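These numbers come from a predicted model, not from an experiment.
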Amino acid sequence: MQILFLSSGNPLNYICVRKYKLMAIIGGLTSHNSKQMPHILNTYKIPQLSYASFDPALSDKVQFPSVYRMIPSESPQYVGIVHLLQHFGWTWIGLIVSDDESGEMLLRTLIPLLYHSNICLAFKEIIPTLKKYWEDTDNTKLERVSSIISSINTNVTLVHGDSRSLEGFRMVLSSHEFDKMKPIERVWIITAQWDFSSVYFSGVFTPKTFNGTLSFSLHTNDVAEFEEFLETLNPNHSMLYFIHGFWSNAFVCSFPAYNIYIPGAKNCTGEEKLRSLPGAVFEMGMSGQSYSIYNAVYAVAHALHAMFSSRSMKKAIGDGGTWNLLNVHPWQLHAFLKHIHFNNSAGEEIFFDANGELATGYDIINTITFHNQSIHKALVGRMNPQAPEVKKFTINGTAILWNHKFNQNPPHSTCVESCHPGHSKIIRQGEQICCYNCPNCPEGMISKQMDADHCNNCPEDQHPSKNKDHCIPKRIIYLSYGEPLGIILTSFVLSLSLITLLITWIFIRHQKTPIVKASNWNITCTLLTSLLLCFLCSFLFIGQPGKVTCLFRQTVFGIVFSLAVSCVLAKTITVVLAFMATQPGNRVRKWMGKRLAVSVIILCTLIQTGICVLWLATSPPFSEFDMHSQTDQIIVQCNEGSAQMFYTVLGYMGLLAIISFTVAFLARKLPDTFNEAKLITFSMLVFCSVWLSFVPTYLSTKGKYMVAVEIFSILASSVGLLGCIFFPKLYIIVLRPEMNTRDQLVRKRIVVSE
């Protein structure tokens with residue numbers, strides 16, 4: 001059985017911990033055990049405690065018969081590094097590793113984790129381990145490293161290695177800060193293997209460079225008794241190994257009794273206080289490595305106590321068995337070490353997991369440096385593999401004091417400026433995934449977050465903002481009564497309806513006059529009524545479309561207009577037949593009368609009505625929300641249900657208009673009263689022109705403007721019929737009543753016939 005733990009970067013700290021704990025544990029255990037315990041513990045030969053740097057080759061690969069590790073595996077540290085980088089959004093970092101097996105393992109293990117998390121390496125440098133003398137090959141490599149770390153633009157660099165392997169790197173940093181007066185100030189992330197703040201061997205500490213450093217450290221805790229032990233330490237009364245050499249170097253004094261001399265320095269008194277030393281020379285607190293030693297010795301002591309207290313051992317002692325208290329073998333402690341479970345003097349629970357590890361994890365330390373080489377270390381985070389998933393990694397970003405270069409703002413470290421909302425990432429050809437361009441989102445798409453991988457569509461009822469960084473509810477659009485266009489069209493409808501009513505009233509007042517009688521009063525009255533309905537049906541097209549309005553707007557429009565055109569056609573046929581009836585021997589007289597006109601009107605209107613009924617029965621119109629025609633609007637409109645039926649209604653109405661136009665055109669020179677055939681010809685010409693231009697215009701518009709085009713066509717064609725047919729007669733009735741006589745009508749007919 002072996003227990004592995006780390007030696008501290010400061011050898012005296014390690015020696016003090018080991019000496020202190022061996023003494024403290026023996027004294028502590030005897031205070032609450034049986035009377036035989038002091039004698040037994042003092043006669044034990046404690047099993048070998050092996051210590052080594054945290055080398056994965058040693059801790060992860062070497063297979064001991066039974067290995068209990070007081071140090072955590074490196075895997076949680078790698079995971080913690082990735083979490084730390086992700087927490088601050090650092091995706092463009094430098095990597096410096098030692099040229100040894102530990103560095104190779106980090107490259108094999110950590111780099112895949114980084115790439116999987118979309119974190120890229122701005123550079124990757126392997127620092128050569130310096131030989132006894134700095135050779136030219138080492139000089140060239142270090143100069144290259146110096147050039148790279150000072151030129152490549154990244155604010156975060158991860159460093160991995162131990163003090164010996166990174167001594168060359170420390171020399172590079174020292175050269176920049178003290179020789180070139182250009183310290184490389186950035187966020188250094190240091191792994192637990194390198195106690196960068198300890199300068200006992202090198203004597204060189206770079207406070208500006210390492211100010212604001214974040215370092216992973218083996219978990220530690222406050223042990224008040226240890227600091228009390230250090231306070232009373234005196235080299236003149238201590239047997240600690242190497243204490244006199246350390247004391248002389250740390251306090252710059254000589255120990256003549258031990259042949260330790262420093263030229264020009266006074267002799268050491270032994271009363272110097274370790275607390276007065278800068279943190280880079282000696283730390284009073286127990287480091288993570290020392291804390292591992294502390295727990296390791298405690299674990300052995302508890303295992304010894306458990307072994308001594310076991311029934312089997314007592315029985316062996318009572319029976320004169322073979323237990324040799326003077327030489328306890330490691331394998332004899334295995335069963336007891338496996339089950340230890342205790343709280344150390346710092347109040348922390350100590351036990352081994354199923355893998356034989358004390359999985360205490362890592363602390364994240366923020367180091368603040370000062371020009372006098374004093375340092376302040378603050379615990380700002382933790383990587384604890386034993387905690388619940390959401391608490392395995394914790395970091396207090398507000399407690400971190402950054403390098404003064406960043407003005408106490410968390411630095412950014414990305415290959416390119418982050419893509420702002422409204423843009424998305426497109427990886428540059430042939431470059432790492434962290435280096436990308438940021439084009440605008442395509443039309444109709446948005447991105448809400450920084451560095452969005454892709455843009456997203458808005459919901460159907462929303463549209464992108466101007467900057468394409470969020471969605472805005474679409475405006476609901478329809479031709480309303482309150483908007484200017486709706487007000488104008490409504491005013492026209494009301495005005496034309498009143499004019500139609502006025503003309504009807506005037507014709508009723510003068511229905512006994514010759515000009516009204518000559519116009520066939522029944523057809524005229526029906527035509528005026530149908531035109532009034534044509535104007536009024538425009539109200540079905542204004543306002544928010546509903547189920548009822550969508551169902552009847554086109555059908556009512558088609559039937560009413562067919563009625564109006566049928567009246568015009570009946571009037572035209574009546575004019576032609578009236579002229580032919582005046583010819584001697586013509587048999588069409590028997591066709592004259594009200595029946596013919598009524599039959600034409602009823603038949604033509606019924607055909608259109610049948611088409612509309614078939615339309616409503618098979619595929620009726622309905623209201624819908626058009627969310628796609630306009631990017632920022634929801635168009636509330638009527639879906640015609642069947643476009644074929646809609647154009648069939650228009651086509652039939654156009655057929656009636658063409659027939660009326662043709663008949664009226666052929667009869668335009670007949671000697672009718674006031675030549676009404678000419679008026680009908682002009683009215684049908686206007687009517688056909690309006691509706692022929694309506695179709696392409698209707699198809700080329702969207703939303704409320706499509707509705708406005710149809711209303712305009714309804715009004716324009718109705719005004720064409722009203723104006724061309726009735727205004728000339730209205731002129732005679734109102735302004736030229738002297739012409740509204742039978743003599744005038746007969747005289748004009750004779751003149752026309754001659």
**Student:** Quick check: closest heavy atoms across Lys208 and Glu185, and the distance to 0.1 Å?
**Tutor:** O-CG, 3.8 Å
**Student:** For the aromatic rings, using the six-membered ring if either is Trp, is the centroid distance between Phe351 and Phe342 under 6.0 Å?
**Tutor:** no
**Student:** Keeping the roles fixed (side chain from Asn396, backbone from Val380), state whether a donor-acceptor pair exists under 3.5 Å.
**Tutor:** no
**Student:** Does Glu231 pair with Arg275 as a salt bridge, N-O distance under 4.0 Å?
**Tutor:** yes
**Student:** Can you tell me if Asp99 uses its side chain to pair, donor with acceptor, with the backbone of Ile126 under 3.5 Å?
**Tutor:** no
**Student:** His219 and side-chain hydrogen bond (donor to acceptor under 3.5 Å, both in side chains): which single residue from Asn384, Asn295, Asp363 fits?
**Tutor:** Asp363
**Student:** For His87, look at atom NE2 and say whether over 12 heavy atoms of other residues, nucleotides or ligands are found less than 6.0 Å away.
**Tutor:** yes
**Student:** If only side-chain N and O atoms count, and only distance matters, is there a donor-acceptor pair under 3.5 Å linking Ser165 with Asp162?
**Tutor:** yes
**Student:** Counting neighbours of CG on Asn153 that are heavy atoms of other residues, nucleotides or ligands and sit closer than 6.0 Å, is the number greater than 12?
**Tutor:** no
**Student:** Check for a donor-acceptor pair, side chain of Asn456 on one end and backbone N or O of Ile446 on the other, with a separation under 3.5 Å.
**Tutor:** no
**Student:** Is there side-chain contact between Phe406 and Asn155, with heavy atoms separated by less than 4.5 Å?
**Tutor:** yes
**Student:** In a single word, yes or no, tell whether Cys120 and Cys434 have an SG-SG distance below 2.5 angstrom.
**Tutor:** yes
**Student:** With the side chain counted from C-beta on, respond yes when Met383 and Gln77 share a heavy-atom pair under 4.5 Å apart, and no when they do not.
**Tutor:** no
**Student:** Less than 4.0 angstrom from a charged side-chain N to a carboxylate O is my criterion; do Lys425 and Asp453 meet it?
**Tutor:** yes
**Student:** Using a strict cut-off of less than 4.0 Å between a Lys/Arg side-chain nitrogen and an Asp/Glu carboxylate oxygen, indicate whether Glu389 and Lys392 qualify as a salt bridge.
**Tutor:** yes
**Student:** Please determine whether salt bridge (Lys or Arg N to Asp or Glu O under 4.0 Å) holds for the pair Asp632 and Lys474, giving the CA-CA distance in whole Å, both sets of side-chain angles, and the decisive distance to 0.1 Å.
**Tutor:** CA-CA 5 Å; Asp632 60 344; Lys474 292 182 178 180; over 6 Å; no
**Student:** Taking the side chain from Lys124 and the backbone from Gly94, do they hold a donor-acceptor pair closer than 3.5 Å?
**Tutor:** no
**Student:** Taking the side chain as everything from C-beta on, heavy atoms only, tell me whether Glu460 gets closer than 4.5 Å to His628.
**Tutor:** yes
**Student:** Just by distance, with hydrogens left out, do Arg428 and Asn437 show a side-chain donor and acceptor under 3.5 Å apart?
**Tutor:** yes
**Student:** For Pro207 and Phe178, which heavy atoms make the closest approach, and how far apart are they?
**Tutor:** CD-CZ, 4.2 Å
**Student:** Answer yes or no: are there more than 12 heavy-atom neighbours, outside Asp222 itself, under 6.0 Å from its atom CG?
**Tutor:** no
**Student:** Give a yes-or-no answer on whether the side chains of Tyr436 and Asp451 include a donor-acceptor pair shorter than 3.5 Å.
**Tutor:** yes
**Student:** Under 3.5 Å, is there a donor-acceptor pair between the side chain of Asn366 and the main chain of Thr213?
**Tutor:** yes
**Student:** Is there a donor-acceptor pair under 3.5 Å between the side chain of Ser447 and the backbone N or O of Cys455?
**Tutor:** no
**Student:** What do the steps show when you test Asp626 against Ser629 for side chain to side chain donor-acceptor pair (under 3.5 Å), and what is the final call?
**Tutor:** CA-CA 6 Å; Asp626 181 5; Ser629 296; 2.3 Å; yes
**Student:** With no hydrogens and no angle check, is any side-chain donor or acceptor of Thr394 less than 3.5 Å from a backbone partner on Lys391?
**Tutor:** no
**Student:** Indicate yes or no: does Glu125 engage Arg144 in a salt bridge with an N to O separation below 4.0 Å.
**Tutor:** yes
**Student:** Sub-3.5 Å donor-acceptor pair from the side chain of Ser146 to the main-chain atoms of Leu142, do we have one?
**Tutor:** no
**Student:** Is there a side chain to side chain donor-acceptor pair (under 3.5 Å) between Ser102 and His160? Walk through the geometry before answering.
**Tutor:** CA-CA 8 Å; Ser102 176; His160 173 81; 2.7 Å; yes
**Student:** The test is side chain to side chain donor-acceptor pair (under 3.5 Å); show your working for His463 and Gln630 and say whether it passes.
**Tutor:** CA-CA 9 Å; His463 70 97; Gln630 301 293 332; over 6 Å; no
**Student:** Give the C-alpha distance, both sets of side-chain angles, the deciding distance and a yes or no for side-chain contact (heavy atoms from CB on, under 4.5 Å) between Ile184 and Leu173.
**Tutor:** CA-CA 7 Å; Ile184 303 177; Leu173 298 180; 4.2 Å; yes
**Student:** Check for a donor-acceptor pair, side chain of Asn407 on one end and backbone N or O of Asn409 on the other, with a separation under 3.5 Å.
**Tutor:** no
**Student:** Side chains of Tyr78 and Ile111, heavy atoms from C-beta outward: is any pair under 4.5 Å?
**Tutor:** no
**Student:** Heavy-atom count check: over 12 atoms from other residues, nucleotides or ligands less than 6.0 Å from His83 NE2?
**Tutor:** yes
**Student:** In the structure I gave you, are the side-chain heavy atoms of Ile368 and Asn211 within less than 4.5 Å of one another anywhere?
**Tutor:** yes
**Student:** What do you reckon, is CD of Glu443 surrounded by more than 12 foreign heavy atoms closer than 6.0 Å?
**Tutor:** no
**Student:** Run the side-chain contact (heavy atoms from CB on, under 4.5 Å) test on Phe393 and Ile364 for me, step by step, so that the C-alpha distance in whole Å, both residues' side-chain angles and the decisive distance to 0.1 Å come before the verdict.
**Tutor:** CA-CA 10 Å; Phe393 175 82; Ile364 302 176; 3.6 Å; yes
**Student:** Does the side chain of Leu274 reach to within under 4.5 Å of the side chain of Leu233, using non-hydrogen atoms?
**Tutor:** yes
**Student:** Do the side chains of Pro464 and Met445 get nearer than 4.5 Å, heavy atoms only?
**Tutor:** no
**Student:** Suppose we call two aromatic rings close when their centres sit under 6.0 Å apart. Are Trp194 and Phe216 close by that rule?
**Tutor:** no
**Student:** Is a side-chain donor-acceptor pair under 3.5 Å present for Tyr291 with Glu348?
**Tutor:** yes
**Student:** So, Arg186 side chain and Ile149 main chain: donor-acceptor pair closer than 3.5 Å or not?
**Tutor:** yes
**Student:** Quick check: closest heavy atoms across Ser413 and Thr154, and the distance to 0.1 Å?
**Tutor:** OG-OG1, 3.2 Å
